[in-house]
Amino acid sequence: NVSSSERMASHPMQRFQFVVVGGGIAGVTCVEQLASDFPSAEVGLITAASHIKAVANFKQVSQTLEEFDVEERPSSVLQEKYPNVTVIQSAVRSLQADQHTLQTEDGRSVGYEKLCICSGARPKLLTQDQPYVLGVRDTDSVQEFQKRLSSAKRIVVVGNGGIALELVFEVRGCEVVWAVKDKAIGNKFFDAGAAQFLIPSLEAQRPPRDAVCKRARYTTEQGPEGGSDGGPEGGLHTFTAGGDRRRPGSGSTGAGSALGPDWHEGFLLRGAEESPQGVRVEYECEVQEIFTPSAPLRPQPEADYGAWPVYIRLTNGRTVGCDFIVSATGVVPNTDAFLQGNNFSLAEDGGLRVDDHMMTSEPDVYAAGDVCSACWEPSALWQQMRLWTQARQMGWFAGRCMAADVQTQPIELDFCFELFAHITKFFNYKVVILGKFNAQGLGADHELLVRCTKGQEYVKVVLRGGKMVGAVLIGETDLEETFENLILNQMDLTPYKDELLNPNIDIEDYFD
Ligand code: FAD
């Protein structure tokens with residue numbers, strides 16, 4: 001039992017010009033930006049997890065749309081690539097912003113000139129300490145989910161964001177009851193019309209999934225079934241994430257980074273039932289209560305009291321028994337370690353407020369990714385959403401702002417914050433969302449144009465004052481670049497409104 005003062009004594013203060021906390025996509029991108037901009041500066045990355053997340057195969061699809069893969073790599077990869085980077089693998093325990101120092105869980109003191117906090121967010125659980133309620137965030141939590149699913153006959157998924165959408169679609173061999181608080185599924189990403197377009201995909205017979213991961217994940221762990229494939233960094237080993245190998249030290253502490261866009265691809269999400277069981281959506285309801293059969297004097301569930309390990313009572317009056325509940329109701333920014341003794345301004349969602357230089361309210365402290373809340377006056381066509389792409393953009397821009405500040409150079413808000421743009425896949429359809437895709441903040445002051453071909457495509461355009469301000473494109477529409485241009489150049493489309501979604505007109509040629 002080593003006391004913390006003894007541990008401190010064994011670790012003299014380490015000082016860096018730049019310190020970044022968090023080895024997720026925001027933190028790693030920020031470190032890479034700083035390390036390459038300032039090869040002579042010492043850059044420290046403090047991260048709780050043993051692996052970092054790196055962007056791979058980055059592709060600029062259009063002016064604002066980007067696509068990339070994410071690779072989980074040992075942190076040594078970063079130090080090998082950038083000799084001026086030092087990675088400290090430990091969680092930050094406290095921050096003394098006035099002294100420009102941090103303390104880590106393993107007893108180190110770290111000094112900085114400029115600090116960027118990129119500690120991400122954790123799932124907002126419906127209830128704490130309830131063994132039948134799971135959150136999904138990192139590789140370990142998905143593995144736990146997968147393990148419990150393998151013996152489950154019915155699960156309840158609560159939430160209507162991207163994770164819930166993907167999860168209900170991916171699960172096979174298990175009945176899924178999906179509780180959403182809105183009138184339609186996927187409210188965060190699109191409207192009721194798009195939801196209507198997607199619902200048949202949930203009802204259709206879905207083919208079984210392959211058990212093997214489609215993209216490589218990298219681990220330092222050696223194992224016979226992983227085999228060496230000479231991955232990008234050579235000498236590393238891939239593993240098929242469908243297996244149950246856990247990284248040493250990663251435990252279930254929740255310290256890992258959030259998963260990437262194709263997080264479910266490596267996991268076989270199969271329940272205990274042979275036949276496909278389908279999804280039942282419970283609309284416009286929230287969770288009233290979660291209880292187990294042993295709980296005294298509970299309201300009687302429908303018919304099967306005692307048959308299930310846990311019951312969930314919804315505000316629509318229904319009680320559903322299930323094997324376990326997945327809580328996918330959003331995230332809470334990981335700020336706890338940084339708040340005590342400091343004066344951070346927090347946004348309503350609990351994030352560290354940042355200005356258009358990604359600066360928090362504490363001097364020399366920046367923040368990026370899921371942990372921060374963008375509190376600058378945004379462009380009329382942009383909003384923050386806690387997404388992979390924005391984590392990369394913010395980490396990169398925070399690095400540039402930190403560099404500009406030490407060089408006392410001015411820096412403008414980057415163009416990537418001009419237009420909200422996101423590309424993803426839901427229910428096997430390509431989904432592109434642009435600008436005010438859900439007419440957010442427009443009130444009644446907008447007009448919608450919609451084109452829909454069942455099972456093929458759904459196109460929605462949001463117009464304000466005759467100008468395009470947002471779009472939802474589902475399927476292979478090939479319209480994203482043209483629509484992005486029309487949104488960015490704010491051309492008056494009033495004369496073309498009738499032709500805009502005419503499938504017989506090549507809209508790209510039209511506006512060339
Ligand atoms: P994270 O990736 O969470 O990284 C945070 C890092 O900080 C971690 O390395 C952690 O170990 C470290 N850390 C935390 N606290 C401390 C501390 N006290 N001291 C030191 N280190 C600390 N986005 C999309 O765009 N598309 C998707 O399809 C998509 N699907 C998703 C599916 C799931 C299941 C989840 C959970 C998220 C998904 N997201 C998706 C969101 C996306 O993953 C996040 O927005 C993104 O990963 C945020 O990156 P980040 O770097 O800010 O945080």
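One-based numbering, in listed order, for ligands and for the atoms of each.
- The ligand atoms of ligand 1 that sit less than 4.0 angstrom from a heavy atom of A391 are 48 (C), 49 (O).
- Only the side chain of H422 comes within 4.0 Å of ligand 1, counting heavy atoms alone; its backbone N, CA, C and O stay farther away.
- When each atom of ligand 1 is checked for a heavy atom of V92 under 4.0 Å away, the hits are 17 (C), 18 (N), 19 (N), 20 (C).
- Note that CG of L413 and CE of M358 are 9.0 Å apart. Values are rounded to the nearest 0.5 Å.
- Checked options T64, V61, V432; the residue passing with E484 is T64 (criterion: side chain to side chain contact (heavy atoms under 4.5 Å, CB included)).
- For the pair G23 and ligand 1, the shortest N or O to N or O distance falls below 3.5 Å.
- For V21, every heavy-atom contact with ligand 1 shorter than 4.0 Å involves the side chain, none the backbone.
- Ligand 1 places these atoms under 4.0 Å from at least one heavy atom of C118: 5 (C), 6 (C), 7 (O).
- Heavy atoms from both the backbone and the side chain of S119 come within less than 4.0 Å of ligand 1.
- Taking distance alone, with nitrogen or oxygen atoms compared against 3.5 Å, D370 approaches ligand 1 more closely than that limit.
- Pairs engaging residues 188-199 under the side chain to side chain donor-acceptor pair (under 3.5 Å) rule: D191-Y458, D191-K460 [sequence neighbours left out].
- Polar contact check, V136 against ligand 1: no nitrogen or oxygen pair lies under 3.5 Å apart.
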Expected list for residues 158-165: side-chain donor-acceptor pairs under 3.5 angstrom, two or more places apart:
unit_1	atom_1	unit_2	atom_2	d
N160	OD1	G186	N	2.6
N160	ND2	D182	OD2	2.7
N160	ND2	A184	O	2.9

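- Both cation-pi conditions hold for R400 and W396: the charged atom is under 6.0 angstrom from the six-membered ring centre and inside a 45 degree cone around its axis.
- Proximity to G369 (heavy-atom distance under 4.0 Å) selects the following atoms of ligand 1: 52 (O).
- Here the straight-line distance linking atom CZ of R353 with atom CZ of F344 works out to 13.5 Å at 0.5 Å rounding.
- The structure places CZ of F437 at 11.5 Å from CD1 of I487, a figure rounded to the nearest 0.5 Å.
- Considering backbone and side-chain N/O atoms, I163 never comes within less than 3.5 Å of an N/O atom of ligand 1.
- By the 6.0 Å contact criterion, NZ on K430 is enclosed, its count of non-hydrogen atoms from other residues, nucleotides or ligands being greater than 12.
- Considering A328, G120, G135 only, the shortest heavy-atom separation from atom 53 (O) of ligand 1 involves G120.
- The two atoms that bring C372 and A367 nearest to each other are CB-CB, 3.8 Å, heavy atoms only.
- Distances from ligand 1 to the non-hydrogen atoms of R386 include at least one value under 4.0 Å.
- Applying the 4.0 Å criterion to heavy atoms of A26 picks out, from ligand 1, the atoms 51 (O), 52 (O).
- Nearest heavy atom pair, residue E113 against residue H100, reads O-CD2, 3.5 Å.
- Residue A49 has at least one heavy-atom neighbour below 4.0 Å for each of these atoms of ligand 1: 11 (O).
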F420/W382 under ring-ring contact (aromatic ring centres under 6.0 Å, His included): CA gap, chis, key distance, verdict = CA-CA 4 Å; F420 174 85; W382 187 86; 7.6 Å; no
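- The SG atom of C401 sits 5.5 Å away from atom NE2 of H357, with the distance rounded to the nearest 0.5 Å.
- Close contacts of ligand 1 with L387, meaning ligand atoms under 4.0 Å from a residue heavy atom, involve 23 (N), 24 (C), 25 (O), 45 (O).
- Some N or O of W388 is nearer than 3.5 Å to an N or O of ligand 1, by distance alone.
- Considering backbone and side-chain atoms together, I25 places an N or O closer than 3.5 Å to an N or O of ligand 1.
- For ligand 1 and E166, the ligand atoms under 4.0 Å from any heavy atom of the residue are 28 (O), 30 (N).
- At under 3.5 Å, not a single nitrogen or oxygen of A337, backbone or side chain, sits near a nitrogen or oxygen of ligand 1.
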